[in-house]
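Okay, so here's the structure we're looking at.
By convention here, the first residue in the shown sequence is residue 1. Remember, it's a predicted structure, so these values are computed and weren't measured experimentally.
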Amino acid sequence: MNSNLIKIVNATLPALSGSSVTYNEANNIFLSEGYTSAAGNTYFQGIRLSDRLIIDLQLGQGNRYLFLNGIRIYGYNGSEKHLIAFRNLRNYAYSEKNSCSECEDMIKDYLYSQSKLMGQTVDDSTLENFAHSLIAETMKNQIDNIKKIC
């Protein structure tokens, strides 16, 4: 991984608050430094990016499995980031499929609320399809996505 790219990620991602990141190529995700609790669980963040979204997965590694404690989704317009959705999950067994599904639901809910604020009506299937495409784009090729942002 290019050290300049890591510096850019460290400087620009709002979710990491000073923590350094590494890129895990096998799992296609940026990971923050972790800390270990008194109970022996290790907690860290997994970050996925696109040119529109930053997905911050709050993860924990326990004795038996990886779990998802929460998700924060930030909107990104090319220069500013803002929190658009969050969900607290406690000891939810992590899987790529489940985390994508949760993110899609969160984006769909956000878009639905925004359409109501704007006085617009969008049918559920259109919102679901668009949310799915946004999350799929964010979950795939990290390196290409971070280069677009920076």
Side-chain angles (χ1 to χ4, degrees), residues 5 8-35 37 39 41-62 64-150:
L5 187 57
I8 292 167
V9 172
N10 282 335
T12 60
L13 290 179
L16 297 175
S17 61
S19 179
S20 65
V21 296
T22 58
Y23 180 67
N24 182 308
E25 193 169 353
N27 294 307
N28 195 29
I29 193 167
F30 288 95
L31 299 171
S32 72
E33 293 176 343
Y35 70 92
S37 69
N41 296 329
T42 300
Y43 297 93
F44 55 97
Q45 293 170 279
I47 306 294
R48 297 271 173 76
L49 323 164
S50 71
D51 58 348
R52 291 185 181 204
L53 298 176
I54 298 169
I55 297 175
D56 171 16
L57 304 172
Q58 290 117 40
L59 302 166
Q61 180 64 58
R64 296 198 220 118
Y65 62 92
L66 181 64
F67 52 90
L68 181 61
N69 275 335
I71 301 171
R72 288 181 284 196
I73 300 178
Y74 296 86
Y76 184 73
N77 68 8
S79 62
E80 295 180 3
K81 300 151 286 287
H82 60 281
L83 184 66
I84 60 172
F86 69 92
R87 187 168 285 173
N88 290 320
L89 307 159
R90 292 289 174 229
N91 297 322
Y92 184 80
Y94 176 82
S95 78
E96 193 76 14
K97 182 179 178 182
N98 288 345
S99 65
C100 285
S101 179
E102 291 289 336
C103 289
E104 287 173 11
D105 287 346
M106 293 166 69
I107 291 296
K108 179 185 170 202
D109 291 348
Y110 172 75
L111 293 172
Y112 177 79
S113 68
Q114 293 303 299
S115 71
K116 290 295 183 197
L117 286 173
M118 297 172 69
Q120 302 294 315
T121 303
V122 182
D123 65 88
D124 277 350
S125 65
T126 301
L127 289 174
E128 287 170 7
N129 290 335
F130 189 70
H132 176 77
S133 67
L134 279 176
I135 297 305
E137 175 64 25
T138 305
M139 294 297 194
K140 70 176 196 170
N141 195 345
Q142 295 290 286
I143 299 302
D144 287 343
N145 287 336
I146 192 69
K147 286 179 182 173
K148 284 183 208 173
I149 292 170
C150 302

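- With values rounded to the nearest 0.5 angstrom, Arg48 atom CZ is found 12.0 Å from Asp56 atom CG.
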Check step by step if side chain to side chain contact (heavy atoms under 4.5 Å, CB included) holds for Gln114 and Gln120.
CA-CA 9 Å; Gln114 293 303 299; Gln120 302 294 315; over 6 Å; no
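- Within the model, atoms OG of Ser99 and CG of Leu59 stand 8.5 Å from one another, a figure rounded to the nearest 0.5 Å.
- Residues Glu104 and Ala131 share a closest heavy-atom pair of O-CB, 3.6 Å.
- Using a 4.5 Å cut-off on side-chain heavy atoms (C-beta onward), Val122 and Leu111 make no contact.
- To the nearest 0.5 Å, atom CG of residue Asn41 and atom OH of residue Tyr35 are 9.5 Å apart.
- Side-chain atoms of Ser101 do not come within 3.5 Å of backbone N or O of Lys97 as any donor-acceptor pair.
- For Phe86, the CZ atom counts as loosely surrounded, since its 6.0 Å shell holds 12 or fewer non-hydrogen atoms of other residues, nucleotides or ligands.
- Taking the side chain as every heavy atom from C-beta outward, Ile73 and Thr138 never approach each other to under 4.5 Å.
- Contact of the Asp124 side chain with the Lys108 side chain is registered, since non-hydrogen atoms from C-beta on lie closer than 4.5 Å.
- Looking at Gln45 and Tyr43, their side chains never bring a donor and an acceptor atom within 3.5 Å of each other.
- Cys103 places a side-chain heavy atom less than 4.5 Å from the side chain of Ile71.
- Applying the salt bridge (charged side-chain N to carboxylate O under 4.0 Å, His left out) criterion to Asp109, with sequence neighbours excluded, gives Arg87.
- Between Leu49 and Phe30 the shortest side-chain heavy-atom distance falls below 4.5 Å.
- Between the CG atom of Asn24 and the CD1 atom of Ile47 there is a distance of 13.0 Å, given to the nearest 0.5 Å.
- Tyr110 approaches Ile84 most closely through the heavy-atom pair CD1-O, 3.5 Å.
- Put simply, the side chain of Leu68 does not reach to within 4.5 Å of the side chain of Asn98, judged on heavy atoms.
- Residue Glu102 comes nearest to Tyr92 through the heavy atom pair OE2-OH, 3.3 Å, listed as atom of the first residue, atom of the second, then distance.
- The side-chain heavy atoms of Ile55 and Met139, taken from C-beta on, include a pair separated by under 4.5 Å.
- The side-chain heavy atoms of Tyr94 and Leu57, taken from C-beta on, include a pair separated by under 4.5 Å.
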